[in-house]
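For ligands, and for the atoms within them, numbers begin at 1 and follow the listed sequence.
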Amino acid sequence: MPIALPQLPYARDALAPHLSAETIDFHYGKHHQAYVTNLNKMIEGKPEASKSLEEIIRGTAEGPVFNNAAQIWNHACYWNSMTPAGGGAPSGRLLEAVNRDFGSVGKMKEQFAEAAKTHFGSGWAWLVSDAGRLRITRTSNADLPLKHGQTALLACDVWEHAYYIDYRNARPDYVTAYLDHLLNWEFAASNLV
Ligand code: FE
């Protein structure tokens, strides 16, 4: 069974004005779709064709198959990491974990923003659970927490295609909008195991 493009969890204009429908049209409709199309072409008729996306990611060394499979997973995580009228703060167990491991929600956001703004080149900023502790990490290109024994709670795409239509070169403004207006803490909480 071919790998399917995961459904966008909201309408294409739902994140405006922070991310425009045009950005989503390109980022989801073109980039994310292209990773799916490319992966399915590469694995057609091969043993990977009967595996799940996570199995392909875990079982493949860096290269075109890994890059496309990981980018499908990363983007699904990214779309779910945002929600219209997001931002704010977590509650319950996740709030306790954030306070325990960062000191406060504000300090966690500061670390996340710093990682996302200063990452050199294409990649991702993450809130992960690593051996029972929350941490901010970043990865280059298609690399992802799954490959490092970590569980992703939140993903922020810092490839230029994520923000160039709306923010041009101003990645810091995009990261601020992501953290203050779009962050989906409910999704993050659902990933806390
Ligand atoms: Fe992207």
Side-chain angles (χ1 to χ4, degrees), residues 2-43 53-54 56-57 60 62-84 86-87 112-128 136-148 150-184 187-188 191:
I3 301 291
L5 178 68
Q7 217 171 354
L8 196 65
Y10 31 72
R12 290 186 182 208
D13 60 356
L15 303 183
H18 310 293
L19 285 179
S20 65
E22 189 185 2
T23 284
I24 306 291
D25 278 343
F26 276 85
H27 198 179
Y28 174 75
K30 306 279 188 201
H31 290 275
H32 198 174
Q33 176 66 64
Y35 296 126
V36 173
T37 304
N38 290 341
L39 180 67
N40 283 322
K41 269 191 210 151
M42 287 175 201
I43 65 176
L53 188 62
E54 290 200 4
I56 295 171
I57 292 167
T60 311
E62 205 170 318
V65 169
F66 172 79
N67 286 340
N68 283 280
Q71 284 293 76
I72 296 167
W73 195 96
N74 292 345
H75 283 84
C77 186
Y78 173 62
W79 301 126
N80 281 293
S81 294
M82 299 184 289
T83 187
F112 195 106
E114 185 66 14
K117 289 173 186 176
T118 62
H119 180 76
F120 187 78
S122 295
W124 298 85
W126 306 90
L127 173 65
V128 303
I136 302 298
T137 66
R138 50 193 185 182
T139 59
S140 289
N141 302 318
D143 192 20
L144 71 170
L146 196 63
K147 274 293 208 195
H148 303 274
Q150 303 160 343
T151 302
L153 273 64
L154 291 169
C156 183
D157 190 339
V158 296
W159 286 56
E160 278 188 351
H161 67 222
Y163 57 87
Y164 220 81
I165 290 171
D166 294 324
Y167 297 91
R168 296 301 173 192
N169 60 324
R171 190 197 288 180
D173 294 346
Y174 155 69
V175 172
T176 299
Y178 169 94
L179 287 169
D180 290 348
H181 300 288
L182 298 175
L183 209 60
N184 186 349
F187 176 66
N191 292 320

With under 30° as parallel and over 60° as perpendicular, where do the rings of His75 and Trp79 fit, or are they tilted in between? tilted
Could you pull out the atom name of the N/O/S atom in Asp157 that is nearest the Fe ion (ligand 1)? OD2
Of all N, O or S atoms in His161, identify the one at the shortest distance from the Fe ion (ligand 1). NE2
Ring centers of His27, Tyr78 separated by less than 6.0 Å: yes
Short check: any N/O/S atom of His31 below 2.8 Å from the Fe ion (ligand 1)? no
Are Trp159 and His31 close enough that a side-chain donor and a side-chain acceptor fall under 3.5 Å? no
When you measure from the Fe ion (ligand 1) to the N, O or S atoms of His27, does any of those distances fall below 2.8 Å? yes
Between Asn68 and Gln71, does any side-chain donor sit less than 3.5 Å from a side-chain acceptor? no
Which N/O/S atom belongs to His75 and is the closest one to the Fe ion (ligand 1)? NE2
Does the separation of the ring centres of Phe112 and Tyr178 fall below 6.0 angstrom? yes
